[in-house]
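In what follows, a single structure is set out as structure tokens and then discussed.
Note that the numbering runs from 1 along the sequence shown for the chain.
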Amino acid sequence: MLLPVPPPFGRQLDQYRHALSGQPPETPAHITLVPPTQVEPTDMPDVLDHLERAAAMSAPFAVRLRGTATFRPVSPVVFVAVVAGISGCERLSARLRAGPLHSTPSFPYHPHVTIAHGLAEELLDRAFDALAGFDASWTVSSFTLYECSVGSGWAAVRDLAVSG
């Protein structure tokens with residue numbers, strides 16, 4: 001589950017990501033709420049019910065992105081930092097990662113928008129510097145379920161409005 005960065009900010013970040021890596025992004029610029037999780041097709045009705053309940057219990061919240069940060073040297077990642085809305089992201093993520101999507105994360109949850117991952121150090125440095133002044137704000141009113149298919153990659157399947 002992802003919180004897509006809305007236009008025009010998401011498009012700006014996607015264009016930068018594409019120019020930096022030479023590859024179109026697999027998913028639009030986003031804040032991850034639940035990392036990729038394998039779900040059996042027979043379990044999808046229960047998962048969708050769970051997502052709808054979590055969305056209904058969650059209220060819209062404001063998010064602000066500003067500046068860059070990195071997970072280096074632990075992981076070769078540069079990201080745009082979430083500076084407001086962290087607790088909203090954390091609450092929504094925790095609700096979503098309960099029930100049929102329960103998992104133990106490899107790292108503590110840290111909302112962010114990945115800009116560069118696994119690239120050469122000089123490209124990571126360039127991303128860090130180029131987006132240091134990035135600033136965007138919006139109100140989160142929904143999140144998006146994505147599925148990955150062999151051959152076609154990641155695709156948005158459903159938007160779920162937060163309405164609590």
Side-chain angles (χ1 to χ4, degrees), residues 1-18 21 23-66 69 71 74-75 77-118 134-164:
M1 265 57 64
L2 309 178
L3 286 179
V5 177
F9 314 115
R11 277 195 307 273
Q12 293 168 356
L13 293 174
D14 288 342
Q15 289 169 351
Y16 183 80
R17 293 163 63 204
H18 188 174
S21 71
Q23 301 288 330
E26 291 182 357
T27 56
H30 65 274
I31 299 168
T32 300
L33 295 169
V34 177
T37 305
Q38 188 165 350
V39 175
E40 294 299 323
T42 55
D43 294 334
M44 278 308 292
D46 290 338
V47 168
L48 290 173
D49 286 345
H50 169 69
L51 298 179
E52 289 171 356
R53 284 191 307 276
M57 293 186 326
S58 302
F61 59 96
V63 166
R64 183 172 185 194
L65 306 177
R66 187 176 61 210
F71 291 131
V74 175
S75 181
V77 173
V78 170
F79 58 90
V80 174
V82 175
V83 297
I86 294 169
S87 61
C89 291
E90 289 172 337
R91 283 191 304 272
L92 183 53
S93 176
R95 281 189 184 113
L96 294 171
R97 286 184 290 108
L101 295 176
H102 176 74
S103 63
T104 303
S106 301
F107 297 99
Y109 181 68
H110 181 82
H112 64 280
V113 178
T114 299
I115 298 305
H117 179 254
F134 187 83
D135 196 336
S137 298
W138 74 94
T139 298
V140 170
S141 58
S142 66
F143 60 90
T144 305
L145 170 64
Y146 272 74
E147 284 184 358
C148 187
S149 303
V150 176
S152 53
W154 290 100
V157 173
R158 187 168 177 187
D159 288 323
L160 294 111
V162 294
S163 57

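- Atom CZ of residue Arg53 and atom CG of residue Leu96 lie 11.5 Å apart, to the nearest 0.5 angstrom.
- To the nearest 0.5 angstrom, Tyr146 atom OH is 12.5 Å from Met1 atom CE.
- Put simply, CZ on Phe134 and OH on Tyr16 are 12.0 Å apart, with the number rounded to the nearest 0.5 Å.
- For Glu52, the salt bridge (Lys or Arg N to Asp or Glu O under 4.0 Å) criterion is met by Arg158, not counting sequence neighbours.
- Listed by first and then second residue, the salt bridge (Lys or Arg N to Asp or Glu O under 4.0 Å) pairs that reach into residues 97-116 come to none, sequence neighbours excluded.
- Interatomic distance, Leu2 CG to Ser142 OG, rounded to the nearest 0.5 Å: 11.0 Å.
- Between His110 and Phe79, the ring-plane angle classifies as perpendicular under the 30° and 60° cut-offs.
- Heavy atoms only, all atoms of each residue included: Gly88 and Phe61 are closest at C-CZ, 3.5 Å.
- The two residues Phe107 and Val74 come nearest to each other via the heavy atoms CE2-CG1, 4.4 Å.
- With sequence neighbours excluded, the residues satisfying side-chain hydrogen bond (donor to acceptor under 3.5 Å, both in side chains) with His112 are Thr114.
- For the pair Ser93 (side chain) and Cys89 (backbone), a donor-acceptor distance under 3.5 Å is absent.
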Determine all donor-acceptor pairs shorter than 3.5 Å in which one atom belongs to a side chain in residues 23-36; sequence neighbours excluded.
residue : atom : partner : partner atom : Å
Thr27   : OG1  : His30   : ND1          : 3.4
His30   : ND1  : Pro28   : O            : 2.7
His30   : NE2  : Thr32   : OG1          : 3.2

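- When all heavy atoms of Ser163 and Ala56 are compared, the closest pair comes out as OG-CA, 3.7 Å.
- For the atom pair CG (Asp14) and CD (Gln12), the distance works out to 10.0 Å, reported to the nearest 0.5 Å.
- With sequence neighbours excluded, the residues forming a side-chain hydrogen bond (donor to acceptor under 3.5 Å, both in side chains) with Arg64 are Asp135, listed by chain and number.
- Within the structure, no pair that satisfies the side chain to side chain donor-acceptor pair (under 3.5 Å) test touches residues 34-47, not counting sequence neighbours.
- The side-chain heavy atoms of Leu48 and Leu145, taken from C-beta on, include a pair separated by under 4.5 Å.
- When all heavy atoms are compared, the tightest approach of Ala98 to His50 is O-NE2, 3.2 Å.
- In this structure the side chain of Leu65 never reaches within 4.5 angstrom of the side chain of Phe9, judged on heavy atoms.
- Heavy-atom minimum distance, Val80 versus Arg66: CG1-N, 4.2 Å.
- Atom NE2 of residue His117 and atom OG of residue Ser75 lie 4.5 Å apart, to the nearest 0.5 angstrom.
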Legend entry - Verdict with reasoning, Val5 to Val63, per side-chain contact (heavy atoms from CB on, under 4.5 Å): CA-CA 10 Å; Val5 177; Val63 166; over 6 Å; no
